[in-house]
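These notes concern the structure reproduced below.
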There are 2 protein chains.
Amino acid sequence: MNEGVRWLTEDEQRVWRKYLAATSMLSEYLERRMQQDAGIPHTYYEVLVSLSEAPECTLRMSELAVRSRFSRSRLSHAVTKLEAKGWVVRTSCPSDKRGAWATLSEQGRAVLEAAAPDHVEAVRKALFDVLDAEQVHRLGEITGAIIDGLAEECEAVEADAGEGAD
Amino acid sequence: MNEGVRWLTEDEQRVWRKYLAATSMLSEYLERRMQQDAGIPHTYYEVLVSLSEAPECTLRMSELAVRSRFSRSRLSHAVTKLEAKGWVVRTSCPSDKRGAWATLSEQGRAVLEAAAPDHVEAVRKALFDVLDAEQVHRLGEITGAIIDGLAEECEAVEADAGEGAD
DNA sequence: ACTATGTTGTTGAGTCTTCAATGATTCGAT
DNA sequence: ATCGAATCATTGAAGACTCAACAACATAGT
């Protein structure tokens, strides 16, 4: 039964383990710094960034979820927290009464701008300072390939979910 | 005050965003598959792998924590869950009465071996199938550089924590 | 107009992680 | 031998995420 399995080669295993170590170390590093600097998870910061880049600093919840790669539920919980801090405001949408808008408040923008320099510094220190230009370019290629591969995979899964029994 | 900040270039931003997307998509993909296949988080699977590679399938909790990149506390909670499932056994350590050993049970090994083929398949599909040999090699370099950089950073932090006021 | 179906967003329960506090033991210096 | 500091592991509470269930509304077909 194991004969069909394409196990990883020695080299692939080494790379995979380094990948796991590097990504978890990096995300824990950013997480810790963001928690200290702004008192929120790194992912919440990315939500604020997404909002700040939208016209009028406003997006529909579902659109914000896509841009932040949050599930609807996760975003709903997150925005509840961010609203409690006064950094985001929810408004109900008149054209589609199911919908809701999320808007970055002035206070939210201030927090974002205050946290940004430290965040960039952290990303630089952990990533771009240790890579040369060639490696940065390659990393772009590699991550692009992963994204494309998984995007296909996701579409396939959604297609399966959509179809009932035939 | 912002003048000292080394902001990211356009290219760096693009790469950074792709990095975030790729790593989160990949980890969510593995997470989902592991949850479906074995009913545990992907990181718990890695804990079992670490144990399976140790002599006698046994490690001190603190050593297991290092190898799985878990905090002591996180590992303690995790092992509690894994013990409840009967996949890991805790034994108190006679030579150091503070310590505890964790051992992979027969049942745990069976679960691990049952989950392994699907897991490898997932890693292949999401990562190695979409990269050529050159890219895999580069990914090894890049992740190695990140690990080395953050290891230094961590040591510096620990050194700070260790020293009191001077 | 009416019903079936799909979409949007929220909620609650359960799970996982972090953080700080704790108990138990070992080590080092006096 | 003893006192203080460091180490090992666990615990409980609080925060964050997932999943399934749900309410409210929109859309399309009849």
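The model shown is predicted, which means the values in this text are computed figures rather than measured ones. Reminder, nothing fancy here: chain letters follow the sequence lines and each chain counts from 1.
Scanning for side-chain hydrogen bond (donor to acceptor under 3.5 Å, both in side chains) contacts around Arg74(A) gives an empty result, with sequence neighbours left out. With sequence neighbours excluded, no residue forms a side-chain hydrogen bond (donor to acceptor under 3.5 Å, both in side chains) with Glu28(A). Among residues two or more places apart in sequence or in another chain, the side chain to side chain contact (heavy atoms under 4.5 Å, CB included) test is passed with Thr23(B) by Tyr19(A), Thr23(A), Tyr19(B). Applying the side chain to side chain contact (heavy atoms under 4.5 Å, CB included) test to Glu134(A) and every residue at least two apart in sequence or in another chain returns Asp132(A), Arg138(A), Arg138(B). By the side chain to side chain contact (heavy atoms under 4.5 Å, CB included) test, Glu31(A) is found to be paired with Gln35(A), Pro41(A), His42(A), residues two or more places apart in sequence or in another chain being considered. In this structure Gln135(A) satisfies the side-chain hydrogen bond (donor to acceptor under 3.5 Å, both in side chains) test together with Glu141(B), sequence neighbours excluded. Partners of Arg17(A) by side chain to side chain contact (heavy atoms under 4.5 Å, CB included), not counting sequence neighbours, listed by chain and number: Gln13(A), Val49(B), Glu53(B).
Only Arg72(B), Ser73(B), Ser76(B), listed by number, bring a heavy atom of residues 67-76 of chain B to less than 4.0 angstrom from any atom of DNA chain D. Within residues 30-43 of chain B, no residue is approached by DNA chain D to less than 4.0 Å at the level of any non-hydrogen atom. Within residues 77-102 of chain B, the residues having any heavy atom under 4.0 Å from DNA chain D are, by residue number, His77(B), Arg90(B), Arg98(B), Gly99(B), Ala100(B).
In this structure, NE2 on His137(A) lies 13.5 Å from CG on Leu131(A), to the nearest 0.5 angstrom.
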For residues 57-66 of chain B, dump all side-chain donor-acceptor pairs below 3.5 Å to protein atoms at least two apart in sequence or in another chain.
residue	atom	partner	partner atom	Å
Thr58(B)	OG1	Glu56(B)	O	2.8
Thr58(B)	OG1	Thr103(B)	OG1	2.9
Glu63(B)	OE2	Arg67(B)	NE	2.8
Glu63(B)	OE2	Arg67(B)	NH2	3.3

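Per the geometry, CE belonging to Met61(B) stands 18 Å off P belonging to dA24(C), to the nearest Å. dT10(C) atom P lies 10 Å from atom CZ of Arg60(A), rounded to whole Å.
Residues in residues 45-104 of chain A take part in these ring-ring contact (aromatic ring centres under 6.0 Å, His included) pairs, two or more places apart or across chains: Tyr45(A)-His119(A).
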